[in-house]
Amino acid sequence: MSNSFDDIPFFDEEPEPRRPQSRGAAAPAQAGAPATGGLGIAARAMAARDQNRTSIDYLSGLNPEQREAVETTDGPVLVLAGAGTGKTRVLTTRIAHILATGKAWPSQILAVTFTNKAAREMKERIGVLVGGAVEGMPWLGTFHSIGVKLLRRHAELVGLRSDFTILDTDDVVRLIKQLIQAEGLDDKRWPAKQFAGMIDGWKNKGLLPPDIPEGDARAFANGKGRELYAAYQARLRTLNACDFGDLLLHPIALFRKAPDLLKEYHERFRYILVDEYQDTNTAQYMWLRLLAQRPKGVPQNVCCVGDDDQSIYGWRGAEVDNILRFEKDFLGAKVIKLERNYRSTEHILGAAGHLIAHNEGRLGKTLFTDRSDPDDQKVQVHAAWDSEEEARAVGEEIERLQRGDSTDGKKHALNDMAILVRASFQMREFEDRFVTLGLNYRVIGGPRFYERLEVRDAMAYFRLVCQPADDLAFERIVNTPKRGLGDTTVRALHDYARARDIPMLAAASDMIETDELKPKARKALFDVVQMFKNWQERLENIPHTELAEQILEESGYTDMWKNDKSAEAPGRLENLKELIRSMEQFESMRGFLEHVSLVMDAETNENLDAVSIMTLHSAKGLEFDTVFLPGWEEGLFPHQRALDEGGRSGLEEERRLAYVGLTRAKHRCHLWFVSNRRIHGLWQSTMPSRFLDELPPAHVDVAEPSDSSYGGYGGRGGYGQSRFDKAEPFANSYSTPGWKRAQANKTDATRDNWGSRSGHAVERIGYGESGPRGRTIDGELVAKSVSATPSKYFVGDRVFHIKFGNGNVTAVEGNKLTIEFDRAGEKRVLDGFVERVKT
DNA sequence: GCTCATCTACTTTTT
DNA sequence: GTAGATGAGC
């Protein structure tokens, strides 16, 4: 690409909305931009287009549909972009095109994404296209970050001050817990976490306390749900704080309250673009509708890009309906489908397409590709005996690919491979295995950097220095490190503060003058108050990173970890250093705090060659040469809970998740299912996922194991046969003895891969030291088999288990047996899976 | 007020 | 199975 965009004007902030066409002397040229004889890029671009359309280099290389999506700038457009069809390219080129043709200034384009990552990527890619002018796109960001921007400007209209704090989930839960206790309710019977979830759900729907359904209101806190929600909102206001939902709801309220202001924004935003439209929730939809309104006759230049087949966030409020309804919402909308896929092989697309066709209520797209290579591998379905073997076999295949021993004979980088799991507990076994093998891996997802205990503690100090009214921060750190300021003191402070309607830090300042507190607490509190006074004085006078260091030193916080002998302590100190290092990029402590509350995801170390392990959800938008999809079993995938709670639509969302998984693969895709999996610490027999049945045989190979000795399911435990035994459309190839053998694939022969290589590296992106490990799923399988009926087995019984062989029952608890197996040692299993052995 | 032991729950996760 | 949350005891 060229520098031909160099002289696109840009604005740091708030240019007067003006007609680009009337530009000229008014346009501030970008520093260093060459003078172009008075002819701006827009004019040049348009001239070029008029002469010869293909001469505009940023448009070349687009296929006709993509090009249409880029060039249809006026009027509503819905771009249905299938996986791997160049969605981001269309979005970024479209913005470049709008700029190049002089239809709008950078500051007149509103471009919304869902994640910070997507926003960052878009900025970078536009930057490449336009050559830096993207700095002047102040309205490119996530719904939430744009919401913050609007609110900071107009906070007073919704009863906030413009320096409001943004609370994260953790703060919210603590706050709600206080409210529940203040109401005199039992916080065990009414868990704060659950209520936080309910509030989040309401806010996703755009509902404030008066709007929530009566049933919802009654379902919590002895029917006081609505009051509690209202109390929460009131408390946020006194704290001058917002939760994430408010960042959407307040702007909506604001626009409704001040139509003139809304009109200003209408004039400002000539073009609106929304990425991942299938993931928008009702509140975001309302927000968008308000901003997209135009008087009659004025075109609504709204372009939404999305893929209904990749909607996987229904459970957190996303409304696929928004995308399905687009044409009704925006009359005269043009719908452009992108179906030409540039990512995957025919087989992968064929498998994914056939699978997703089982869903109803789609807009209907079929991906196709020009590539056709007889050497392309079909999607491979593998069976393993249990999850341990699954991990072992995946590890072997990865090593084969790495060595170049695999089918294509080429060596593959670990960076090009990924394991995508349905639930994070599945990651563990792969990690264990890879540690054993000395295989580099990186785990993506889970709690982020700023969610770590030490980072949050440090942040609480910083917040309180900047925002003395931040009671949540105050409560978090008054007694961290330990200062002898326990519950009693904090409660006293709390009551004092609430009674006088002042912040707790101020209350502390008052109370040290009285003799309400014990001398010991009083002294400790005096020190705390003094420290904060000191820091606040320094806030404007010394560099913020220096102050941050001093705060952590003087508060004794770093010492607390230095004196901690636990294994995590050094890592925590390292994280604190990292936190301060990352502050350097910001102008002030306030600027930093704002950033952290909204963004701050860990970056991947691109230099490390490692296999990625992540959930299917976090894999959306990514692609890998080889993709491993383990755990395709009923109850896990589709997840039992999705079926129980979501019914048919739940199943369809699971299927979309499967579709997302398959379409991540460029060249090789391996599916796995196991016959035995440990669920809630108990070994369970499992059935292959119905999604396997929904794959087209033409694009799928069933991997044959090398040897076999298969015991069969044996109809134990009330599950009957494998569904693959039933006569189903594609069941034939799966019900052959070979297939059954595949399910029984044993790999004792493969047990010799032990020992660790040197230089083994593990990267944990976004995971704290204690990620969600060892979690298991709740499923029908368990619900069915764990019954109240006492077991027919007794201590001392000799039994046989399909996985572990013979053993003696050593304990019976309902139908859960503890068995000492002759070879496998002590295990807990359900009695449905063992047989009494005659002795 | 702090520490250890028992109890409990347990998909997905962004902002 | 296991982490995190709570409650009794020091």
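In what follows, every heavy atom counts, from backbone to side chain, and hydrogens, waters and symmetry copies are set aside. Note that the coordinates shown come from a computational prediction; the quantities given were computed from them, not determined experimentally. We name chains A, B, ... by the order of the sequence lines, and we start the count at 1 in each one.
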Legend entry - Sequence-distant partners of Ala524(A), side chain to side chain contact (heavy atoms under 4.5 Å, CB included), two or more places apart: Arg483(A), Leu485(A)
Legend entry - Below 4.0 Å: OP1/OP2 of dT6(C) and any side-chain N or O of Lys177(A): yes
Pairwise N/O distances under 3.5 Å, protein to nucleotides 1-5 of chain B:
| from | atom 1 | to | atom 2 | distance (Å) |
| --- | --- | --- | --- | --- |
| dG1(B) | OP1 | Gly486(A) | N | 3.2 |
| dG1(B) | OP2 | Asp487(A) | N | 3.2 |
| dG1(B) | OP2 | Thr488(A) | OG1 | 3.3 |

Legend entry - Face-to-face contact Trp315(A) to dT12(B) six-ring, under 5.5 Å, under 30°: yes
Inset, instruction - Please report, rounded to the nearest Å, how far the C1' atom of dA5(C) is from the CD atom of Gln194(A). - result: 16 Å
Inset, instruction - Answer yes or no: does a side-chain N or O of Arg428(A) lie under 4.0 Å from OP1 or OP2 of dT2(C)? - result: yes
Output a table of nitrogen or oxygen pairs between the protein and nucleotides 8-10 of chain C separated by less than 3.5 Å.
none

Legend entry - Residue-phosphate contact under 4.0 Å: Thr615(A) side-chain N/O, dT13(B) OP1/OP2: yes
Inset, instruction - Mark yes or no for whether Asp243(A), through its side chain, and Ile166(A), through its backbone, hold a donor-acceptor pair below 3.5 Å. - result: no
Inset, instruction - Could you tell me which residues satisfy side-chain hydrogen bond (donor to acceptor under 3.5 Å, both in side chains) with Thr142(A), sequence neighbours excluded, listed by chain and number? - result: Ser145(A)
Legend entry - Qualifying residues under ring-ring contact (aromatic ring centres under 6.0 Å, His included), relative to His617(A), sequence neighbours excluded: Tyr313(A), Trp315(A)
Inset, instruction - Report the residues that fulfil side-chain hydrogen bond (donor to acceptor under 3.5 Å, both in side chains) with Arg655(A), sequence neighbours left out, ordered by chain and then residue number. - result: Asn359(A), Glu694(A)
Inset, instruction - Nearest whole angstrom, please: distance from the P of dT13(B) to the NE2 of His144(A). - result: 16 Å
Inset, instruction - Figure out the CZ/C1' separation between Phe425(A) and dT12(B), and round it to whole Å. - result: 12 Å
Inset, instruction - Could you pull out all residues at least two apart from Gln310(A) that satisfy side-chain hydrogen bond (donor to acceptor under 3.5 Å, both in side chains)? - result: Asp307(A), Arg664(A)
Legend entry - Sugar-phosphate, base or nothing in reach of Glu654(A), heavy atoms under 4.0 Å: base
Inset, instruction - Starting at atom CG of Leu643(A), determine the distance to atom C1' of dT12(B), rounded to an integer number of angstrom. - result: 14 Å
Inset, instruction - Write down the distance between CD (Gln640(A)) and P (dT12(B)), rounded to a whole number of angstrom. - result: 16 Å
Inset, instruction - Assign each of Thr142(A) and Glu653(A) to its nearest nucleotide of DNA chain B by heavy atoms, then name whichever residue's nucleotide is nearer the 5' end. - result: Glu653(A)
Inset, instruction - Would you classify Thr169(A) as touching base, sugar-phosphate or nothing, given that sugar-phosphate means primed atoms plus P, OP1 and OP2, and contacts are heavy atoms under 4.0 Å? - result: base
Inset, instruction - Mind checking side-chain hydrogen bond (donor to acceptor under 3.5 Å, both in side chains) for Trp202(A) and listing every partner two or more places apart, or none if nothing turns up? - result: Asp216(A)
Inset, instruction - Compare side-chain N and O positions of Arg641(A) against OP1 and OP2 of dT11(B) and report whether any pair is under 4.0 Å apart. - result: yes
Legend entry - Phosphate OP1/OP2 of dT11(B): any Ser424(A) side-chain N/O under 4.0 Å: no
Inset, instruction - To the nearest Å, give me how far apart CZ (Arg678(A)) and P (dT2(C)) are. - result: 7 Å
Inset, instruction - Taking Ser689(A) for its side chain and Phe637(A) for its backbone only, find out whether a donor-acceptor pair lies under 3.5 Å. - result: yes
Inset, instruction - For the residue pair Thr280(A) and Asn322(A), confirm or rule out a side-chain donor-acceptor distance under 3.5 Å. - result: yes
Legend entry - Whole-Å distance separating the CD atom of Glu276(A) from the C1' atom of dT15(B): 15 Å
Inset, instruction - Tell me whether His680(A) is stacked on the nucleobase of dC10(B), counting only the six-membered base ring and applying the 5.5 Å and 30° thresholds. - result: yes
Legend entry - Listed partners of Ala196(A) passing side chain to side chain contact (heavy atoms under 4.5 Å, CB included), at least two apart: Val172(A), Val173(A), Ile176(A)
Inset, instruction - Tell me whether His639(A) is stacked on the nucleobase of dT11(B), counting only the six-membered base ring and applying the 5.5 Å and 30° thresholds. - result: yes
Legend entry - Euclidean distance, atom CZ of residue Arg316(A) to atom P of dT12(B) [Å, nearest integer]: 13 Å
